[in-house]
2 protein chains.
Amino acid sequence: MKGNNVCIREQADPVQISNCRDKIAANERSFSQLSGILSLSGNEVRLKILYLLEEEGRLCPCDLSDILGMSIPAVSQHLRKLKDGSIIEAAREGQTIYYSLKEEHLKVLKPFFKYINLQNLKKQAL
Amino acid sequence: MKGNNVCIREQADPVQISNCRDKIAANERSFSQLSGILSLSGNEVRLKILYLLEEEGRLCPCDLSDILGMSIPAVSQHLRKLKDGSIIEAAREGQTIYYSLKEEHLKVLKPFFKYINLQNLKKQAL
DNA sequence: TTATTATTTAAGCAAATTCTTAAATAAATT
DNA sequence: AATTTATTTAAGAATTTGCTTAAATAATAA
């Protein structure tokens, strides 16, 4: 960011700006963590995967690929991102690997599932 | 997606898979809408902007640029995305344009602000 | 031990994201 | 009318994302 091209508003409130800077600085970690979770959930395929895991308890890459109509490597790569973000966990059972939601970030995710199901109810009420 | 490279599990439950497909199909619009909001909020800069608008009521690009320490065009382009997504709205006042949160999607956003403030309280409790 | 099944990994590519810089609007001031 | 101020827009570059295809693991079955 260059110094010029900057507007120095006369009406700007330096106290407000300073307070805002403090608020941002005080929550830097939270913004980083939360935006991480949100950007993972903000992909339509991954949001569907999370919703399905909530509904079904656990699912394997093979079934997810079947349900979502996309290739297994594509699904697997989404699952890895979610796992890297500590949003889901894997449990092996023979050759099959079952993925499920981790408790850790469920509080952030639950409202999303509620939103989806609420929209569905509204639709059915018509 | 190619037909081969597909695993046809013997233990796969065709009824479960069919039900899952139905659930996804029934909520296609909701997934699209919600993932849109989440991907907008999933950028750290935009999440900060949304948080600041919630805290302050309204802010202009100039002040946001100052608070966040980034160029005005960069901020302006984030604001446009948020406006295109109906998450914020603009109100002109002379040369200054004030942005604020729209009521429409506040229900989805509110938990994020609560999360940030809760983390902050936890930190202060130490 | 060889083949099959379920999954992951890696390389490559097209598209999307996010910044920078420079130029264009648009309102207020001189 | 010309200048300043606040903001947007556009073009370009670096990075990230999300798929495809092919090859690599890893467990089970023949």
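By convention in this document, chain letters (A, B, ...) are assigned in the order of the sequence lines, proteins followed by strands, and residues within each chain are numbered from 1.
In terms of phosphate contacts, B/R92 brings no side-chain nitrogen or oxygen within less than 4.0 Å of OP1 or OP2 of C/dA26. Put simply, B/N43 has no side-chain N or O that comes within less than 4.0 Å of OP1 or OP2 on C/dT17. Close to C/dA6, at under 4.0 Å from its OP1 or OP2, lies no side-chain N or O of A/T96. Close to C/dT17, at under 4.0 Å from its OP1 or OP2, lies no side-chain N or O of B/H78. Side-chain N/O atoms of B/Y99 include none lying less than 4.0 angstrom from OP1 or OP2 on D/dA6. For C/dT20, the OP1/OP2 oxygens have a side-chain nitrogen or oxygen of B/S71 closer than 4.0 Å. When the side-chain nitrogen and oxygen atoms of A/R80 are compared with OP1 and OP2 of C/dT8, none of them lie within a distance under 4.0 Å.
Put simply, CE on A/M70 is 15 Å from P on C/dT7, counting in whole angstrom units. Rounded to an integer number of Å, the gap from CD of A/Q77 to C1' of C/dA11 is 11 Å. Residue A/L38 contributes atom CG, which lies 17 Å from atom C1' of C/dT17 at whole-angstrom precision. In this structure, A/I72 atom CD1 and D/dT25 atom C1' are separated by 15 Å, rounded to whole Å. Residue B/I88 contributes atom CD1, which lies 13 Å from atom C1' of D/dT8 at whole-angstrom precision. Between the CG atom of A/L40 and the C1' atom of D/dT17 there is a distance of 12 Å, rounded to whole Å. In this entry the distance linking CD of B/E44 with P of C/dC19 reads 11 Å, nearest Å. Nucleotide D/dT7 holds its P atom 13 Å from the NZ atom of B/K83, rounded to whole Å.
Nearest heavy-atom pair, A/A90 versus A/K83, reported as atom, atom and distance to 0.1 Å: CB-CD, 4.3 Å. In this structure, A/S32 and B/E44 approach most closely via the heavy-atom pair CA-OE1, 3.7 Å. Scanning both residues, B/C60 and B/Y98, for their nearest heavy atoms gives N-CD2, 4.1 Å.
Out of C/dT7, C/dT8, C/dA6, the shortest distance to the side chain of A/C60 is found at C/dT7. The listed nucleotides are D/dT17, D/dT7, D/dT20; the one nearest the side chain of A/A74 is D/dT20. With D/dA27, C/dT17, C/dT7 as the candidates, the nucleotide lying closest to the side chain of B/K81 is C/dT17. Of all nucleotides listed (C/dA27, C/dT5, C/dA22), C/dT5 comes nearest to the side chain of A/Q95. Each of C/dC19, D/dT8, D/dA27 was ranked by its minimum atom distance to the side chain of B/V45; first place goes to C/dC19. The side chain of A/C62 approaches C/dT7 more closely than any other nucleotide in the set D/dG18, C/dT7, C/dT8.
Between A/E54 and A/K114 there is no salt bridge, since no side-chain N of the basic residue sits under 4.0 Å from a carboxylate O of the acidic one. Between B/K48 and A/E28 there is a salt bridge, since a side-chain N of the basic residue sits under 4.0 Å from a carboxylate O of the acidic one.
The base of D/dT5 does not come close enough to the side chain of A/Q11 for any donor and acceptor atom to sit less than 3.5 Å apart.
Both B/E93 and A/Y98 lie close to DNA chain C; mapped to their nearest nucleotides by heavy-atom distance, the more 5′-ward contact belongs to A/Y98. For the pair B/I97 and A/G94, both in contact range of DNA chain D, the more 5′-proximal nearest nucleotide belongs to B/I97.
Checked against the 6.0 Å centroid criterion, the rings of A/Y51 and A/F112 do not qualify as a close aromatic pair.
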